[in-house]
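Beneath this line is the structure, given in structure tokens, with notes to follow.
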Amino acid sequence: MKHDPNQKLETEFTVNTNDLGWEAKSLEGLYDKMLFRNEETGATIALIKFEKGAGIPTLHEHASNQFMFMLSGKYQYTTSGITLEKGDFYANAMGHFHGPAIALEETIFLEVYDGPHYPSRPDFYDNDEDAK
């Protein structure tokens with residue numbers, strides 16, 4: 001059975017992330033493996049991968065709380081100087097402006113939003129789906 005990250009969570013499900021391919025986003029060098037999405041609330045859980053040198057190019061905010069757990073690599077928020085490495089946990093409050101960010105190495109992290117990602121689509125994406 002193909003994994004459907006939009007399935008309604010009524011009981012339980014599992015997915016082996018090794019069975020999922022990386023989906024390219026419209027921001028060059030950014031990929032994800034969407035594990036779960038609640039269409040009603042906008043909450044998501046995904047694996048995120050940035051190629052070395054790729055990142056979020058502008059200051060931005062989120063419409064919900066953002067949580068990241070670093071699995072590999074090195075990812076830096078250039079304005080604040082926060083640099084995340086394997087084993088680091090990062091929490092960012094809803095409405096807090098942050099960024100830009102860059103992957104100093106190929107980087108993979110688990111990212112959780114407890115609601116919708118953005119108040120409106122940021123200009124670094126060319127479509128609404130990538131901003132969900």
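Between Leu30 and Glu28, the closest side-chain pair of non-hydrogen atoms is not below 4.5 Å. Side-chain contact between Tyr77 and Ile102: absent, with no pair of heavy atoms (C-beta onward) separated by less than 4.5 Å. Contact of the Pro5 side chain with the Phe36 side chain is not registered, since no non-hydrogen atoms from C-beta on lie closer than 4.5 Å.
His62 approaches Asn92 most closely through the heavy-atom pair CD2-ND2, 3.6 Å.
Exactly one of Glu51, Met70, Glu85 qualifies for a side chain to side chain contact (heavy atoms under 4.5 Å, CB included) with Thr107. That residue is Met70.
With sequence neighbours left out, the side chain to side chain contact (heavy atoms under 4.5 Å, CB included) criterion links Leu71 to Leu47, Phe69, Ile108.
By the rule that hydrophobic residues join a cluster once side-chain heavy atoms approach within less than 4.5 Å of another member, Ile82 and Leu59 end up as members of separate clusters. Taking hydrophobic clusters as Ile, Leu, Val, Met, Phe, Trp and Tyr residues chained together by side-chain heavy-atom distances below 4.5 Å, Phe50 shares a cluster with Tyr118. Under the 4.5 Å side-chain heavy-atom criterion for Ile, Leu, Val, Met, Phe, Trp and Tyr, Tyr31 and Leu27 are members of distinct hydrophobic clusters. Hydrophobic clustering (side-chain heavy atoms under 4.5 Å, transitive across Ile, Leu, Val, Met, Phe, Trp, Tyr) groups Met68 together with Ile56. Clustering ILVMFWY residues whenever any of their side-chain heavy atoms sit less than 4.5 angstrom apart, transitively, puts Leu110 in a cluster other than the one holding Ile48.
Salt bridge status for Asp32 with Lys49: absent, with no side-chain N to carboxylate O gap under 4.0 Å. Salt-bridge annotation for Glu39 and Lys132: present, with a side-chain N of the basic residue lying under 4.0 Å from a carboxylate O of the acidic one.
Side chain of Ser26 to main chain of Asp126: a donor-acceptor pair is present (N/O by atom type, distance under 3.5 Å, no hydrogens or angles).
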**OP:** Just do the side chain to side chain contact (heavy atoms under 4.5 Å, CB included) check on Lys33 and Trp22 with the steps written out, would you?
**Re:** CA-CA 6 Å; Lys33 292 184 181 188; Trp22 289 105; 3.4 Å; yes
Subject >> ring-ring contact (aromatic ring centres under 6.0 Å, His included) evaluation trace for Tyr90 with Phe109 >> reply: CA-CA 10 Å; Tyr90 172 80; Phe109 53 83; 8.9 Å; no
Subject >> Full working for ring-ring contact (aromatic ring centres under 6.0 Å, His included) between Phe97 and His60 >> reply: CA-CA 5 Å; Phe97 281 91; His60 62 284; 8.4 Å; no
Subject >> Test side chain to side chain contact (heavy atoms under 4.5 Å, CB included) applied to Met34 and Glu23, step by step >> reply: CA-CA 9 Å; Met34 186 59 62; Glu23 299 288 327; over 6 Å; no
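A side-chain donor from one of His117 and Thr44 sits under 3.5 Å from a side-chain acceptor of the other. Tyr75 and Glu105 share no side-chain donor-acceptor pair at under 3.5 Å. For the residue pair Asn127 / Asp130, a side-chain donor-acceptor distance below 3.5 Å is found, with atom types taken as modelled.
Ring geometry, His98 versus His96: the interplanar angle falls under 30°, so the pair is classed parallel (tilted spans 30 to 60°).
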